[in-house]
Amino acid sequence: MNIVAALLSAVFPIVVTVAACYDLLTMQIPNRFPAALAIVFVALALLIGLPLPTIGLHVVVGIGLLVGTFALFAFGYLGGGDAKLASAIALWLGIEQALPFLILTALFGGALSLAILSFRSLPLPGFMLGWTPAQRLHEKGAGIPYGVAIAAAALMVFPDTLWFTVFASM
């Protein structure tokens, strides 16, 4: 069971990283990434015997973040995929890491936005001409692949989650 739990916990950093790369290259986050995170969270929580009230609190945090991020989506400040990814990540992080996650997401998102806006203010380098992801990212008025900032923040706080405590005691 320890090996299965360890393998399932590896899904988090892998899926989060792949989702960030996908967002950077396509400016989209397909539903399969947040869905995989949610499904594996439930499987792992049940496998390690996480108490139901703790699981419930993680779900409340995820739903709370979904409501907040969809409000941002409704006003055009955040993409729908970003909202779903952040919410699925919140399932894993729980209440203890929700605030650090949100703060780091805002900081990384601001830095990412400034970097991309700077990139857009310069001519596209010749070696990037004809490369669709670079052209999409360079396009003035295009969105910011905020999934990159969300993923960076998630990976920064993940080592401070209960998952590491549980595996350290196994």
Side-chain angles (χ1 to χ4, degrees), residues 5-117 137 142-167:
L7 289 173
L8 286 176
S9 68
V11 167
F12 182 86
I14 292 168
V15 169
V16 166
T17 302
V18 171
C21 293
Y22 200 94
D23 192 24
L24 182 64
L25 295 173
T26 67
M27 301 290 279
Q28 295 180 345
I29 301 174
N31 289 336
R32 65 180 170 264
F33 297 126
L37 288 173
I39 291 166
V40 174
F41 165 79
V42 171
L44 184 58
L46 295 174
L47 181 67
I48 67 169
L50 204 60
L52 286 179
T54 304
I55 294 172
L57 189 55
H58 280 252
V59 170
V60 167
V61 170
I63 291 172
L65 192 57
L66 185 65
V67 169
T69 54
F70 262 86
L72 293 173
F73 168 70
F75 289 109
Y77 296 118
L78 193 67
D82 299 323
K84 291 179 272 188
L85 179 65
S87 302
I89 287 170
L91 278 173
W92 285 74
L93 303 181
I95 193 75
E96 297 84 9
Q97 294 305 318
L99 185 58
F101 168 64
L102 292 173
I103 291 169
L104 286 172
T105 298
L107 292 173
F108 292 153
L112 176 69
S113 296
L114 290 174
I116 289 176
L117 291 174
L137 198 58
I144 303 292
Y146 214 74
V148 173
I150 293 167
L155 294 172
M156 288 290 291
V157 300
F158 188 60
D160 296 325
T161 62
L162 70 90
W163 307 108
F164 277 76
T165 307
V166 168
F167 294 124

Approximate separation, where rounding is to 0.5 Å, of [X] [atom1] and [Y] [atom2]:
{"X": "I55", "Y": "L46", "atom1": "CD1", "atom2": "CG", "answer": "5.0 Å"}
{"X": "I63", "Y": "F70", "atom1": "CD1", "atom2": "CZ", "answer": "13.0 Å"}
{"X": "L162", "Y": "T54", "atom1": "CG", "atom2": "OG1", "answer": "7.5 Å"}
{"X": "L57", "Y": "I95", "atom1": "CG", "atom2": "CD1", "answer": "5.5 Å"}
{"X": "L99", "Y": "L93", "atom1": "CG", "atom2": "CG", "answer": "11.5 Å"}
{"X": "T69", "Y": "L85", "atom1": "OG1", "atom2": "CG", "answer": "10.0 Å"}

As a quick check of understanding, evaluate side-chain contact (heavy atoms from CB on, under 4.5 Å) for L91 and V61, giving each step before the final call. CA-CA 7 Å; L91 278 173; V61 170; over 6 Å; no

Yes or no on side-chain contact (heavy atoms from CB on, under 4.5 Å) for F12 and I89, after CA distance, side-chain angles and deciding distance? CA-CA 8 Å; F12 182 86; I89 287 170; 4.0 Å; yes

Distance-only check: which donor-acceptor pairs under 3.5 Å involve side-chain atoms of residues 143-160, not counting sequence neighbours?
residue	atom	partner	partner atom	Å
Y146	OH	T105	O	3.3

For S9 and A6, the nearest pair of non-hydrogen atoms, with its separation, is OG-O, 2.7 Å

Minimal non-hydrogen separation, P34 against I29, with atom names: CD-CG2, 4.4 Å

Are any of the side-chain heavy atoms of W163 and L50 separated by less than 4.5 Å? yes

Candidate pair W92 and T161, rule side-chain contact (heavy atoms from CB on, under 4.5 Å), full reasoning: CA-CA 8 Å; W92 285 74; T161 62; over 6 Å; no

Given L104 and F108, is the side-chain contact (heavy atoms from CB on, under 4.5 Å) satisfied, shown in steps? CA-CA 6 Å; L104 286 172; F108 292 153; 4.1 Å; yes

Compile the donor-acceptor pairs under 3.5 Å between side chains in residues 37-44 and protein atoms, sequence neighbours left out, one pair per line.
none

